[in-house]
Amino acid sequence: MIEDMAITGKCQSKWKVNDPKESIQAMNAEFISFLHRTYAVDVELYNAHYAGEALKNPTCYEMTLKSSDLVIEIVVIVEEALLLYIIEKMLGITLKQLNKIAIQSFIQVAQEYSTYLLRLMDPQKEFNLISHRHLELAELRLSFKESFPAFSLLWKTNKGFIGFCERKKA
């Protein structure tokens with residue numbers, strides 16, 4: 001829909017995306033760049049259609065964002081080892097296990113970066129957080145049975161896996 005509006009001149013798409021495959025490539029390139037420049041992590045796309053397969057000690061965080069005409073659910077999934085590494089880089093401290101401060105730091109980054117990605121995909125919209133919660137991997141798998149997200153990407157790093165899922169609701 002965004003691209004249709006861009007073609008008719010009603011808005012411009014920053015990524016010039018014409019099909020879902022190009023959208024995935026654009027999202028992948030941006031996410032890899034972000035993780036590399038921010039946390040010095042080497043990243044590669046592992047699965048462009050992640051469906052909740054088992055990960056080692058994952059933390060799943062779901063947020064719902066709303067624009068004037070659209071509701072989007074986003075889930076970020078991070079293995080514990082990678083999450084600990086990211087938190088250590090952010091806070092400059094060494095952690096042996098996750099704690100409340102680490103989880104809150106992760107939530108803040110997940111919210112800010114997810115909103116940033118949405119604005120890249122649709123720069124004309126303003127997105128506001130309306131709800132958020134921790135999610136069990138089993139709940140995530142169940143939600144995939146209801147409807148598959150528009151984006152459901154899983155990346156592999158040398159520290160662990162990280163996933164990003166986006167589902168649009170009318």
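FYI, side chains are in, hydrogens and waters are out, and symmetry mates aren't considered; it's all heavy atoms of this structure.
Inspection of the E112 and Q108 side chains reveals an N or O donor paired with an N or O acceptor under 3.5 Å. Looking only at atom types and distance, the side chain of Y113 has a donor-acceptor partner in the side chain of E30 under 3.5 Å away.
Of the possible donor and acceptor atoms, none in the side chain of E62 sits under 3.5 Å from a partner among the backbone N and O of C60.
Look at K168 and E166 and you find a salt bridge, because one of the NZ, NE, NH1 or NH2 atoms lies within 4.0 Å of a carboxylate O, short of that distance. Between E139 and R133 there is a salt bridge, since a side-chain N of the basic residue sits under 4.0 Å from a carboxylate O of the acidic one. Between K96 and E80 no salt bridge is recorded (no basic side-chain N to carboxylate O distance below 4.0 Å).
Put simply, M90 and I93 are part of the same group of oily side chains (I, L, V, M, F, W, Y) that touch within less than 4.5 Å, one to the next.
Within 6.0 Å of CG in L91 there are more than 12 heavy atoms belonging to other residues, nucleotides or ligands. More than 12 heavy atoms of other residues, nucleotides or ligands lie within 6.0 Å of CZ in F34, so this atom counts as buried by the packing criterion. Summarising the local packing, CD of Q97 is surrounded by 12 or fewer heavy atoms from other residues, nucleotides or ligands at distances under 6.0 Å.
The side-chain heavy atoms of L55 and I77, taken from C-beta on, include a pair separated by under 4.5 Å. Using a 4.5 Å heavy-atom cutoff, the side chains of N47 and H49 are in contact. No side-chain heavy atom of V75 sits less than 4.5 Å from a side-chain heavy atom of R167. Contact annotation: the side chain of F127 approaches that of K125 to within less than 4.5 Å [non-hydrogen atoms, C-beta and beyond].
Rounded to the nearest 0.5 angstrom, S67 OG and L118 CG are separated by 9.0 Å. To the nearest 0.5 Å, the span separating CG on N99 from OG on S105 amounts to 8.5 Å. Atom CG of N28 and atom CZ of F151 lie 11.0 Å apart (nearest 0.5 Å). If you take OG on S131 and CE on M63, they are separated by 10.0 Å, rounding to the nearest 0.5 Å. To the nearest 0.5 Å, atom OG1 of residue T59 and atom CG of residue L82 are 10.0 Å apart. To the nearest 0.5 Å, atom OH of residue Y61 and atom NE2 of residue H132 are 4.5 Å apart.
Between W155 and F31, the ring planes are parallel. Angles under 30° get that label, and only those over 60° would be called perpendicular.
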Check your understanding: Between I162 and L154, is a side chain to side chain contact (heavy atoms under 4.5 Å, CB included) present by the stated rule, with each step listed?
Key -> CA-CA 6 Å; I162 184 168; L154 183 68; 6.0 Å; no
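In terms of the side-chain hydrogen bond (donor to acceptor under 3.5 Å, both in side chains) criterion, E88 has no residue partners (sequence neighbours excluded).
Residues A48 and L153 come closest through the heavy atom pair O-CD2, 3.5 Å.
A cation-pi geometry, defined here as NZ or CZ lying under 6.0 Å from the six-membered ring centre and within 45° of its normal, holds between K159 and Y85.
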